[in-house]
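We count ligands from 1, going down the list as the structure has it; atoms in each ligand are counted the same way.
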Amino acid sequence: MKGEIQEQYEYMKKVQEINSAKTLKYSIYTMGCQLNENDSEKISGMLEEMGYSKTEDLSISDLVIFNTCCVRENAEDKLFGKIGEMKKQKEKNNTIIAIGGCMMQEEHIVEKLHKSYPFVDIIFGTHTLHKLPEDIYKILVKRKRIDDIMDIDGEVYEGLPIKRNDDIKASVTIMYGCNNFCSYCIVPYVRGRERSRKPEDILNEIKELAKEGYKEITLLGQNVNSYDGGNGYKFSDLLYDVNKIDGIQRIRFVSPHPKDFTDDVIRAIATCDKICKIVHLPLQSGSSNVLKVMNRKYTKEQYLELAKKMQEQIPGIVFSTDIIVGFPGETEEDFEDTLDVVRKIKFEQVYMFIYSRRVGTPADKMENQIPDEIKHKRFDKLKELVESQIEDNNKKYVGTIQKVLVEGKSKNNPNMLTGRTDTNKVVNFEGDEKLIHKIIDLKIVSEHMWYLKGELL
Ligand code: SAH
Ligand code: SF4
Ligand code: F3S
C-alpha cells in the first residue's frame, strides 16, 4: 500500500517536471457531504504538489475537477449542465476535465458520460482517488481518455498530500464506506464496505493539525460509532485520545447512527471537555413503521429514549438531525410521527430532504411511491415547524454568555467578525481582528433567523 502511494508521488514529480516552465491553474467543484469535501482537499494537495495552483475561475483553469455526489437526484442535472458548459472552453484552451466521486461509481452515469460527453478526459471513482497523479500524467503524455474506476473496495491509503480549505477548523476522515444499507440510500453501493483508519494514523494527523494551529476537529464517517480501530479500540477510545491532544479545543463528529450509540460513547461525550455538546443524531423518520422499511433498526420510542438518556447524562446537550419526507408508503399518520419527534426534541438544526429515488436501492423498487405534490406539502409543513423552533431556540440564547471560536470577518459585513458557539450557532459581533482564531466569551444581545448577534464583555 505504501508502495502504491510512493508510486503516485513519483507521478506527481513527473507531472511537476512537465509543468515546471508553466503557470498552471486548477479549479475544483465539490458536491456532496463533508467526506467529499475532505476528498477534495486531498485532490487539491496532489494537484498543488504537481505544480497547479488553485483558482475559483473555471474560465482560466487548465485543469477542472468535478467531485460528484449522487445521494439525491438533483445533483445529476447540475453536473451534466456544468460539463456541457465546459465543452467550448475545452475546445478553446485544451482544458483537462476530470470527474470523480460517488456518481462515477454508478454504471449508467459513466455510460452517459461516454455517450454524450466524450470530451471528458478522466473519470475516476471513490476507490481510485489516490491514482489521480498517474491519470493526469497519462493524459499529459498520451492525451487518451482514461477511465479509472474500481468496483471493489479500495484500501485505506495514508500519506497523501492535503491542502485544506480552512486554517482553523479541519475535517479528519476516520472511516470509509458504510455497511448499513438503509433502503433509500446509495452510499453503501458507491463507497463500499466500512474500512477504519488506524488509531495512530488518525491521532498523528490531528497532532500535526494542532501544531499547525488548528483549533477544531471534525471526525468524519458515514457511521462513526461503528469505528473499529482493531484490538478492541472503539470510537469512544478515539474520542478520549483526541481529547488529550494539546492545542485542539473543540471536537465534533458526523454522523453517528442511533442504533450504535452505545453508553461508552455517551460517557465519553459527558467526560471529555473538548467534545461539543451538540450531537448530530440522524432521525430520518419519526414513524416506527417507516423506520422499519427504511432498515434503520430503531423505533421512534428507542430514538426518543436515547435522546432522553443523553439529556440526563450530558448536561446541556442539544441535537441536530437529518429527516427525509415522502419515503415510499409514508402516510399522513407516519408524517405526524416525524413532526411529533421534532416537537419533542427541539433540534438546533434540521437538514430536511425530500425522498429521492436512487437506482439500485430497495426503496426505488417499492410500488407505493408518494406523489411529488404530497412530498412538497409535507416538506413545507416540516420546514415551517423547524423554523419556528429555531426561532424559539435562538431566543434562549439572548442574554447568555457563549464561548465563540472566532473564524474571521463576516462575509456580509466586513466591519463585523463572525464565529460559532459550541452548538454551532453563527455569532456576528464587532471586534478587533486580533481576536480571529481565538475562543472568546461573548454576550448574546439579539437573535436573527440564521445568526445571533454578540457583544464583547
Ligand atoms: N450516514 C449518514 C448520512 C449520509 S447521507 C447517516 O446515516 O445519517 C446524508 C443524508 O442524506 C441522510 O441522512 C439522509 O437524510 C439523506 N438521504 C440519503 N439518501 C436519500 C434519498 N434517497 N433521498 C433523500 N434524502 C436522502
Ligand atoms: Fe446511507 Fe444509512 Fe449508510 Fe447513512 S447509514 S450512509 S443513510 S446507508
Ligand atoms: Fe454524496 Fe458520496 Fe457523500 S453520495 S453524500 S458525496 S458519500
Side-chain angles (χ1 to χ4, degrees), residues 29-41 43 66-76 78-79 99-106 109 125-127 129 153-154 171 173-195 219-227 253-261 279-286 290-291 293-298 303 319-328 330 338 347 349-366 369-370 372 375-376 378-379 382:
Y29 185 78
T30 310
M31 303 156 127
C33 62
Q34 294 183 56
L35 285 151
N36 243 20
E37 290 286 350
N38 194 228
D39 280 348
S40 284
E41 293 181 327
I43 294 173
F66 294 91
N67 193 9
T68 61
C69 168
C70 53
V71 80
R72 285 171 293 273
E73 192 178 5
N74 49 11
E76 284 164 25
K78 230 175 167 176
L79 175 74
I99 313 181
C102 296
M103 214 191 278
M104 298 307 111
Q105 297 292 138
E106 294 186 292
I109 298 284
T126 56
H127 305 299
L129 175 115
D153 296 351
S171 298
T173 301
I174 63 166
M175 58 188 300
Y176 300 90
C178 180
N179 291 352
N180 290 315
F181 291 93
C182 302
S183 61
Y184 50 82
C185 186
I186 192 84
V187 170
Y189 303 89
V190 296
R191 286 276 178 175
R193 296 296 67 72
E194 288 175 3
R195 283 106 54 212
L219 306 173
L220 298 180
Q222 292 298 357
N223 182 5
V224 286
N225 45 16
S226 70
Y227 172 79
F253 52 88
V254 277
S255 289
H257 195 304
K259 77 176 165 64
D260 296 319
F261 222 113
V279 169
H280 186 69
L281 201 57
L283 172 67
Q284 311 302 0
S285 166
V290 173
L291 285 167
V293 190
M294 281 180 163
N295 194 28
R296 290 291 288 180
K297 300 194 170 72
Y298 53 85
Y303 183 94
F319 301 99
S320 59
T321 201
D322 288 357
I323 292 176
I324 298 174
V325 298
F327 181 81
E330 183 188 69
T338 297
F347 296 103
Q349 203 168 359
V350 182
Y351 299 91
M352 296 168 270
F353 305 107
I354 289 176
Y355 169 70
S356 168
R357 297 175 77 159
R358 305 286 65 208
V359 175
T361 61
D364 180 44
K365 296 185 196 86
M366 293 176 190
Q369 302 288 330
I370 305 290
D372 277 351
K375 284 188 195 166
H376 283 101
R378 289 183 186 162
F379 183 86
L382 174 65

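Remark: the backbone N or O of Phe181 is paired with a side-chain donor or acceptor of Asn295 at under 3.5 angstrom. Arg193 places a side-chain N or O within 3.5 Å of a backbone atom of Cys178 that can act as its donor or acceptor partner. With hydrogens and angles ignored, the 3.5 Å screen pairs no side-chain donor or acceptor of Thr361 with any backbone N or O of Cys185.
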Under the side-chain hydrogen bond (donor to acceptor under 3.5 Å, both in side chains) rule, what do Lys259 and Asn180 come out as? Steps first, then yes or no, please.
-> CA-CA 10 Å; Lys259 77 176 165 64; Asn180 290 315; 3.0 Å; yes
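Contact check for Ile323 versus Gln284: no side-chain heavy atoms found under the 4.5 Å cut-off. With contacts defined as side-chain heavy-atom distances shorter than 4.5 Å, the pair Phe379/Ile324 does not qualify. Side-chain contact check for Gln222 versus Cys33: some heavy-atom pair is nearer than 4.5 Å. A heavy-atom distance below 4.5 Å is found between the side chains of Tyr355 and Pro328.
Looking only at protein heavy atoms, the nearest one to atom 7 (S) of ligand 2 is Tyr184 OH, 3.3 Å. Considering only non-hydrogen protein atoms, atom 1 (Fe) of ligand 3 sits nearest to Cys69 SG, 2.4 Å. Residue, atom and distance of the protein heavy atom nearest to atom 7 (S) of ligand 3 are Gln222 NE2, 3.2 Å.
Under a 4.0 Å N-O distance rule, the pair Glu330/Lys375 does not qualify as a salt bridge.
Ligand 2 has no atom lying under 4.0 Å from any heavy atom of Arg191.
When heavy-atom distances to ligand 3 are checked against a 4.0 Å cut-off, Met103 has no atom that comes that close, whether in backbone or side chain.
Coordination check, Cys33 versus atom 2 (Fe) of ligand 3: failed, since every N/O/S atom of the residue sits at 2.8 Å or beyond.
Between Tyr184 and Phe327, the ring planes lie perpendicular to each other; the angle is over 60°, past the 30° to 60° tilted range.
In the vicinity of Cys102, heavy-atom distances shorter than 4.0 Å reach the ligand 3 atoms 2 (Fe), 4 (S), 6 (S), 7 (S). Of all atoms in ligand 3, numbered sequentially from 1 with element shown, those under 4.0 Å from a heavy atom of Asn36 are 6 (S).
Using a 3.5 Å distance cut-off with no hydrogens or angles, the side chains of Asn223 and Asn179 do not pair a donor with an acceptor.
Of all protein N/O/S atoms, those under 2.8 Å from atom 3 (Fe) of ligand 2 are Cys178 SG, and waters are not counted.
For ligand 1, residues of the protein lying within 4.0 angstrom by heavy-atom distance are Val71, Arg72, Tyr184, Gln222, Ser255, Pro282, Gln284, Arg296, Asp322, Ile324, Phe353, Ile354, Tyr355, Ser356, Arg358.
For Arg72 and Phe353, the positive end sits near the middle of the six-membered ring, less than 6.0 Å away and at most 45° from its axis.
Between Cys69 and Ala75, the shortest heavy-atom contact is O-CB, 3.4 Å.
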